[in-house]
Amino acid sequence: MALLLGTVAGLTIPNIALAQDSTAGATAAETGLSDIIVTARKREENLQSTPLSVSALSGDALDKAGIDEFYEIAGRIPGFTINPDNVTEPNIFLRGIGTDIESAASSAAIGFFLNDVYLPRAQGTAIELVDMDRVEIVRGPQGTLYGKNVVGGAINYVTRKPTQEFRAGGQVGFGNYDSFELKAHAGGGLADGLSGSIAAVSRRHDGYAFNTFTGNDIEDLNSFGILGQLRYQPNEDLDILLTGDLTRRRGTGRWVDIQIPSDHNIPFVNPDPRRGPNNIDGRQDADLGGVHLTVDYNFGPGTLTSITAYREGTFAAVNNDAGSFIDFTKLIYGPDGRIDFGAIDRDAFNDDYYINDKDEKSKSFSQEFRFRTDFDGAFNLLAGLYYQHETVDRVEHATYIFVDYFAQGEEIAGTRLKSDTYAAFIEGTYDFTETLGLTAGIRYTKDEKKFSVYRETIGDFLGAEFEDENGNFTRAFSASDKRSWDAWTPSVNLHWQATEDAYLYGLVSKGYKSGGWNGENATNPGEARLSYDPEYAWNYEIGAKTTWLDNRLRFNITGFWTEYTDLQTQQFVIFDPNLPADNVIANAGEARVKGIELETAVVPFPGVTLFANYTYMDAKITGDLISTELAYDPGCFCSVPIPTNLKGNRLRRSPENAFSVGLDAAIPVSDRFDVILNADYSWTDDFYFDNENSERLHQDSVGVLNAAIGFATTDRRWEFTIWGKNLTDNLYETGKSDVIGSVLVSYAPPRTYGATLKWKY
């Protein structure tokens, strides 16, 4: 919730300044920057007078930039990082806070919502962005108004609602990597008081990497999405909206490259980071969708809102996380059918072969009731009740070979979560004067979770041997547990419209994320039932939103300070020097993130909008967090695990500086045509992929340039553009891990380019 307001206004793209204008590009510029309407506080408000840090990207802005997936939005927003490598659990960090916890029992640090409906698990990043009116990014803890408490921020997808006015449009695009995209939408009146809309998208591209062993592309994509809406408005007081959406994604796995090899793996480094042999192509599949019914009834003193929703999601990810190739024809097997490690030349094989097969299914039902007053007087109220039931079934099956550890085997972790969330919230606003007001609210949330796990090992143990309830050796065990957590999360917001063009606010808010279990990595039932604690955050923020030069210049600044307690984090810990590191979830005692965010947008002359945004962030671990690493001990002539306190380290995925600049221009060349130009450049400072701040897991600063140029009719009925993304073809990492001495990485997409033809009525 904290960030300077409008990193939004041009944040990702300068078009944001023109977000509400549906006519020619010069029209909005002639009158200055357009107003941006958001619903981040569950009511329609002008962004420049909303006492929150919100970014809002219009649907038109997304189309102009050719943004099809959420990771493209995040990549253009200063301070936002995302690793989309795993479709089941992408790593998302905003202002230094996020989650990389791979567990059915974990809760999201950043919540995704579609028309106020919470999107469970990975649905928020996998969903196709179909017929969007806007995407709102609300920074910081959201402890009062949102259906699921999140400590890092909220992403709101808001669709274009049907009206009686007819609208239609479509676009077709082609590009390198044999990419193809087709979009279409239509909507309008169906009967008296009844309107509807439907929109669909189909897109594909070949892989950005190539598997020389199978002869197939890696990281390709075939995706389809559809959104249908029916809206019934029999009178001015009743508004009923039924929404249904479906997304289907199919693709091969993520490419993993050995960026820094161990001594053992030096012969197996690929000369080309995007090309080489791998035993499998892998896959990244997702099927998700839902049905939502929203009813708004205005009965005089206010509006009663009911939101009923059901959602499902199925995800499958298969990947060789070691990025390796094993020639199985050269292996020698013993009488028991297992590899005879003593009979082979281990130097002839990559030291790590790890096929990770993850399947996950989630179902959720949610119900929210809200009541909002619309009095003309000094006081107004927003109150509500919320309930969500969710089930998650997850199976992770790993097949591995570690030649240096003489280990060959399989591990299975089947986990199931049933959770119920109950919440009640109330928020009131009192205007002391016409310009000075105070908003205060509080939410009570209770999370009840039931967790069960089944663990089995076939062959050699990857970590410590399993034990049963009595401490005896076993090949398999199961365990279950249930717990509940609750929290009161208040917020207080003082806001002042100092002048017609200057809005100031100060905010204090609290956020909460429920606890969970380490069961998927446990080696005995007791460990599986050991839970980690909830995470809490206090956020302090001040901001100023200003406009100048007859609304042709917008300048906003926000300062924030967020204190985290029991920060949930996942890291590799070495318990036994003779075994690979274990991946465990722990609570860091305390963490602190402070920073400043600036945003500006300007219309220097009609038809041209420029923008620049900057984020400074200082994110550190301020409490105790113990990690272990191997160190040589001359007393035993061996390596032993040494504990290290990470207090004072930078939080992972937290660049200190980041900025974005760009322009959006529509220049008339005749009475019928404009030349259109859209460009943005985003730069992100260096950061670490781990809390240990290992130089091996350090990412250098990187800049990414995107641009499009073309022609459009002055009424914008037709538009043709030639576009390019990552035009300088930067090779930079989205994921990075250090495994048995080798640094394994995945990369962002390379340079892509193409042409798009658009039409709208």
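Here the structure is a predicted model, which is why all the values come from computation and not from measurement.
Side-chain atoms of R443 come within 3.5 Å of backbone N or O of Y146 as a donor-acceptor pair. In this structure, the side chain of T373 engages the main chain of L381 through a donor-acceptor pair within 3.5 Å. In terms of modelled atom types and a separation under 3.5 Å, the side chain of E427 and the main chain of S491 share no donor-acceptor contact. A donor-acceptor pair under 3.5 Å is absent between the side-chain atoms of R134 and the main chain of S58, judged by distance alone. When atom types are taken as modelled, the side chain of T721 and the backbone of W723 share no donor-acceptor pair closer than 3.5 angstrom. Panel note: side chain T50, backbone L52; no donor-acceptor pair is recorded below 3.5 Å. A donor-acceptor pair is defined here as one N or O able to donate and one able to accept, closer than 3.5 Å; such a pair exists between the side chain of N115 and the backbone of T159. With hydrogens and angles ignored, the 3.5 Å screen pairs a side-chain donor or acceptor of K725 with a backbone N or O of G66. In this structure, the side chain of N235 engages the main chain of L238 through a donor-acceptor pair within 3.5 Å. Between the side chain of R716 and the main chain of T713, a donor-acceptor pair closer than 3.5 Å is present.
Using a 4.5 Å heavy-atom threshold, the side chains of W548 and F555 count as touching. Counting heavy atoms from C-beta outward, T294 and D116 have side chains that stay 4.5 Å or more apart. Proximity of L553 to T600: side-chain heavy atoms (C-beta onward) are separated by under 4.5 Å at one or more points. In this structure the side chain of F299 reaches within 4.5 angstrom of the side chain of F371, judged on heavy atoms. Considering only heavy atoms from C-beta on, R311 stays 4.5 Å or farther from K363 through its side chain. Two residues are said to be in side-chain contact when any heavy atoms from C-beta on lie closer than 4.5 Å; F166 and Y761 meet this criterion. Under the 4.5 Å side-chain criterion, counting only non-hydrogen atoms from C-beta, L221 is not in contact with R204. Using a 4.5 Å cut-off on side-chain heavy atoms (C-beta onward), R552 and L33 make no contact.
Across all non-hydrogen atoms, the minimal contact from Y386 to S366 is OH-CB, 3.9 Å. Pairing each heavy atom of G152 with each of L94, the nearest pair is O-CD2, 3.7 Å. In terms of heavy-atom proximity, R76 sits nearest to E72 at NH1-O, 3.1 Å. Closest approach of S509 to P141, counting heavy atoms only: OG-O, 3.8 Å. Closest non-hydrogen pair, Y157 versus G124, comes out as OH-O, 2.7 Å. Residues A126 and T247 come closest through the heavy atom pair O-CG2, 3.5 Å.
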Carefully, step by step, assess S34 and I36 under the rule side-chain contact (heavy atoms from CB on, under 4.5 Å). CA-CA 6 Å; S34 297; I36 302 169; 5.9 Å; no
Check the pair L114 / H292 against side-chain contact (heavy atoms from CB on, under 4.5 Å), numbers first and verdict last. CA-CA 9 Å; L114 175 63; H292 314 159; 3.7 Å; yes
ring-ring contact (aromatic ring centres under 6.0 Å, His included) evaluation trace for F174 with F180: CA-CA 5 Å; F174 301 87; F180 172 77; 5.2 Å; yes
Show your working on side-chain contact (heavy atoms from CB on, under 4.5 Å) between T489 and I442 and close with a plain yes or no. CA-CA 6 Å; T489 48; I442 192 167; 5.9 Å; no
Going through the distances and angles, do F70 and F80 end up as a ring-ring contact (aromatic ring centres under 6.0 Å, His included)? CA-CA 11 Å; F70 177 75; F80 215 144; 5.6 Å; yes
One pair to check against side-chain contact (heavy atoms from CB on, under 4.5 Å): I240 and L242. What are the steps and the verdict? CA-CA 7 Å; I240 303 174; L242 178 65; 5.9 Å; no
Report the C-alpha separation of T439 and N493 in whole Å, then their side-chain angles, then the decisive distance to 0.1 Å, and conclude whether the side chain to side chain donor-acceptor pair (under 3.5 Å) test is met. CA-CA 5 Å; T439 299; N493 195 318; 5.8 Å; no
Would E500 and T547 count as a side chain to side chain donor-acceptor pair (under 3.5 Å) if you check the C-alpha gap in whole Å, the side-chain angles of each, and the deciding distance to 0.1 Å? CA-CA 9 Å; E500 183 179 353; T547 54; over 6 Å; no
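In this structure, the separation between OH on Y430 and CZ on F379 is 10.0 Å, given to the nearest 0.5 Å. Between I155 atom CD1 and F113 atom CZ the span is 9.5 Å, to the nearest 0.5 Å. Expressed to the nearest 0.5 Å, how far CG of L119 lies from CG of L288 amounts to 8.5 Å. Going from atom OG1 of T558 over to atom CD of E599 covers 9.5 Å, rounded to the nearest 0.5 Å. Considering CG of L182 and CZ of F224, their distance stands at 10.0 Å, rounded to 0.5 Å. From S49, atom OG reaches atom NZ of K545 across 7.5 Å, with rounding to the nearest 0.5 Å.
Taking the charged nitrogens against the carboxylate oxygens, K161 and D133 have no contact shorter than 4.0 Å, which rules out a salt bridge. Comment: E45 does not engage R43 in a salt bridge, judged by the lack of any side-chain N to carboxylate O separation of less than 4.0 angstrom. In this structure, R249 does not pair ionically with D285, as no charged nitrogen and carboxylate oxygen lie closer than 4.0 Å. The existence of a salt bridge linking K183 and D68 is confirmed by a sub-4.0 Å separation between a basic side-chain nitrogen and an acidic carboxylate oxygen. Checked for salt-bridge contact, R672 and D715 miss the test: no charged N lies under 4.0 Å from a carboxylate O. Note on D63 versus K758: no salt bridge recorded, every NZ/NE/NH1/NH2 to OD/OE distance being 4.0 Å or above.
Annotation: Y422 is in aromatic contact with Y387 [ring centroid separation under 6.0 Å]. The aromatic ring centroids of F673 and F711 lie 6.0 Å or more from each other.
D296 is linked by a salt bridge (charged side-chain N to carboxylate O under 4.0 Å, His left out) to nothing, counting only residues two or more places apart in sequence or in another chain. Applying the salt bridge (charged side-chain N to carboxylate O under 4.0 Å, His left out) rule to K361 yields no partners; only residues at least two apart in sequence or on another chain are considered.
The side-chain hydrogen bond (donor to acceptor under 3.5 Å, both in side chains) test with S223 singles out one residue from R203, E128, R250, and that residue is E128.
For the residue pair D131/H185, the side-chain donor-acceptor check at 3.5 Å is not satisfied.
The local environment of CH2 in W759 is crowded, with over 12 non-hydrogen atoms from other residues, nucleotides or ligands closer than 6.0 Å.
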Donor-acceptor pairs under 3.5 angstrom involving side-chain atoms of residues 195-202: please list them, not counting sequence neighbours.
| unit_1 | atom_1 | unit_2 | atom_2 | d |
| --- | --- | --- | --- | --- |
| S197 | OG | Q229 | NE2 | 3.4 |

